[in-house]
Amino acid sequence: MSITNIRLEVMHFLEKNVDNFITQFLVPVEKIWQPTDYLPDSEKETFFEDVKELRELAKELPYDFWVVLVGDTITEEALPTYESWLMDVEGIDNVDGEKRNGWSKWIRHWTGEENRHGDLLNKYLYLSGRVNMREIEQTTQHLINDGFDIGTGRDPYKNFVYTSFQELATFISHNRVAEIAKKMSNEKLSRMCKRIASDEMRHHHAYSEFVRRIFEVDPSEMMLAFQYMMKQKIVMPAHFLRESKEKISTAFEQFSNAAQRIGVYTAADYVDIMQKLIDKWQIDKITGLTDEAERARDFLMKLPVRMSKISERLIIPVDSYIFKWVQPAVK
């Protein structure tokens, strides 16, 4: 039996619980928050006053903060790329008729929740008056047009490792943005980002649960997939950012520098996520491994310490780069 067939069997086995996964980890449409819950209400007489207040508070936020918020927004708005990528994973069928399976239902419902994040942040940026929305829109379109290669192929095991990691990373980013906004007395923006972060954490719990269950039924291959993803390093969607008339990834380094300068997402966070996944999946306690998988486990257990030493030596430049998305505030 080929590895692909084994993976398909495992995916079909887990699929029997998809409805339970949706109930446990996602929220019904009628109960979950919507972007308009956190934005000025255009039906109210106070709309213009509320927008004015939003814009006044926005003036106090620093340049790097805006760069990070824009990058996070663009990454959220490139959702069509992520949905189409997940729909192509082995074991996920979204064809018409009886062949459409439960996994495709999960992806559609997950996408529905994620879609609200970009909607909320985009409207906030538009109302803030602090950014060049046309440049942002062009970057978003480029990111969708370009697609991305995160090194997982169509392998569900590798893809679930990726989503487990990436959802936790986005939780950290949105949560830290919320903390900075709160320190700057921007309570409304802080609440927006906190709610987005809470969604990302729920999604992280879901995807990491998928991996945990795979470890129970196919431990050696799941261990090898985990090692593969950690060896090649997790490539975040933001890695492929570019501004208008630029090449793919040209904006990423400056965006990453801004995020590290204000402590939104750092190299130390990357290592911490890696360790959290190792602990969550109890990598040290998994039994029944092949010799190759045992070696993979040894590699994984030692990796956070090695990566931590490297991250400690990183020097983040005081960057003078000016983004087309955001112009410095005029004092």
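It should be emphasised that the depicted structure is a prediction, and the values quoted were computed from it without experimental measurement.
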For Arg213 and Glu216: C-alpha separation, side-chain torsions, deciding distance, then whether salt bridge (charged side-chain N to carboxylate O under 4.0 Å, His left out) applies. CA-CA 5 Å; Arg213 295 198 183 199; Glu216 290 180 348; 6.0 Å; no
Donor-acceptor under 3.5 Å ([X] side chain, [Y] main chain):
X      : Y      : result
Ser249 : Phe252 : no
Ser198 : Arg195 : yes
Thr75  : Pro237 : no
Asn17  : Asn20  : no
Gln227 : Phe299 : no
Asp119 : Pro35  : no
Asp37  : Gln34  : yes
Ser173 : Thr170 : no
Arg261 : Asp64  : no

Answer yes if the side chains of [X] and [Y] hold a donor-acceptor pair under 3.5 Å, and no otherwise.
X      : Y      : result
Asn257 : Tyr321 : no
His174 : Glu76  : yes
Glu114 : His203 : yes
Lys324 : Asn132 : no
Asn122 : Glu77  : yes

Any side-chain heavy-atom pair from [X] and [Y] closer than 4.5 angstrom?
X      : Y      : result
Ser244 : Glu135 : yes
Trp106 : Phe210 : yes
Val161 : Met222 : yes
Ile262 : Val67  : no
Asn159 : Thr163 : no
Met184 : Pro62  : yes
Asn5   : Leu8   : yes
Glu83  : Ile107 : yes

Test log, rule salt bridge (charged side-chain N to carboxylate O under 4.0 Å, His left out), inputs Glu209 and Arg212: CA-CA 5 Å; Glu209 174 64 10; Arg212 188 192 69 77; 2.8 Å; yes
Please tell me whether [X] and [Y] form a close aromatic pair, meaning their ring centres lie under 6.0 Å apart.
X      : Y      : value
Phe323 : Trp66  : no
Phe165 : Tyr270 : yes
Trp281 : Phe226 : yes

Rounded distance [0.5 Å steps], CD in Glu167 versus CD in Glu200: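 If we round to the nearest 0.5 Å, Glu167:CD and Glu200:CD are 5.0 Å apart.
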Ignoring hydrogens, what is the shortest heavy-atom contact between [X] and [Y]? Give both atom names and the distance.
X      : Y      : answer
Ala78  : Ile144 : CA-CG1, 3.8 Å
Gly102 : Glu15  : N-OE2, 2.8 Å
Gly71  : Phe255 : CA-CE1, 3.5 Å
Gly288 : Ser220 : O-OG, 3.7 Å
Val264 : Ile172 : O-CG2, 3.7 Å
Tyr228 : Gly151 : CE2-O, 3.2 Å

With sequence neighbours left out, what residues match Arg108 under side-chain hydrogen bond (donor to acceptor under 3.5 Å, both in side chains)?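 For Arg108, the residues satisfying side-chain hydrogen bond (donor to acceptor under 3.5 Å, both in side chains) (neighbours in sequence not counted) are Asn94, Ser104.
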Under the rule for side-chain hydrogen bond (donor to acceptor under 3.5 Å, both in side chains), what residues qualify as partners of Asp269, not counting sequence neighbours?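 Applying side-chain hydrogen bond (donor to acceptor under 3.5 Å, both in side chains) to Asp269 gives Arg176, Thr266.
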Evaluation steps, side chain to side chain donor-acceptor pair (under 3.5 Å), between Asp218 and Tyr157: CA-CA 10 Å; Asp218 195 8; Tyr157 293 11; 2.7 Å; yes
If you count the non-hydrogen atoms of other residues, nucleotides and ligands that lie under 6.0 Å from [atom1] in [X], is the total more than 12?
X      : atom1 : result
Asp291 : CG    : no
Lys182 : NZ    : no
Glu294 : CD    : yes
Glu187 : CD    : yes
Arg134 : CZ    : no
Glu246 : CD    : yes

Side-chain heavy atoms under 4.5 angstrom apart, residues restricted to Ile, Leu, Val, Met, Phe, Trp, Tyr: same cluster for [X] and [Y]?
X      : Y     : value
Trp103 : Ile22 : yes
Tyr126 : Leu61 : yes
Tyr207 : Phe13 : yes

Would Arg191 count as a cation-pi partner of Tyr38, with NZ or CZ less than 6.0 Å from the six-membered ring centre and within 45° of the ring normal?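 Here Arg191 fails the 6.0 Å and 45° test against Tyr38.
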Would you sort out whether Arg297 and Asp284 count as a salt bridge (charged side-chain N to carboxylate O under 4.0 Å, His left out), showing the intermediate values? CA-CA 7 Å; Arg297 188 224 303 267; Asp284 60 328; over 6 Å; no
With the threshold set at 4.0 Å, does a side-chain nitrogen-carboxylate oxygen contact exist between [X] and [Y]?
X      : Y      : value
Lys105 : Asp19  : yes
Arg202 : Asp199 : yes
Arg7   : Glu221 : yes
Arg242 : Asp146 : yes

With under 30° as parallel and over 60° as perpendicular, where do the rings of Tyr82 and Trp85 fit, or are they tilted in between?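 Rings of Tyr82 and Trp85: perpendicular, as their planes differ by over 60°.
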Is there a side chain to side chain contact (heavy atoms under 4.5 Å, CB included) between Glu243 and Gln138? Walk through the geometry before answering. CA-CA 7 Å; Glu243 295 186 285; Gln138 287 180 330; over 6 Å; no
Run the numbers on Phe21 and Trp110 for ring pair (Phe, Tyr, Trp, His ring centres under 6.0 Å), then give the verdict. CA-CA 11 Å; Phe21 295 150; Trp110 169 84; over 10 Å; no
Please walk me through it: do Asp272 and Lys276 pass salt bridge (charged side-chain N to carboxylate O under 4.0 Å, His left out)? CA-CA 6 Å; Asp272 187 53; Lys276 278 183 167 61; 2.6 Å; yes
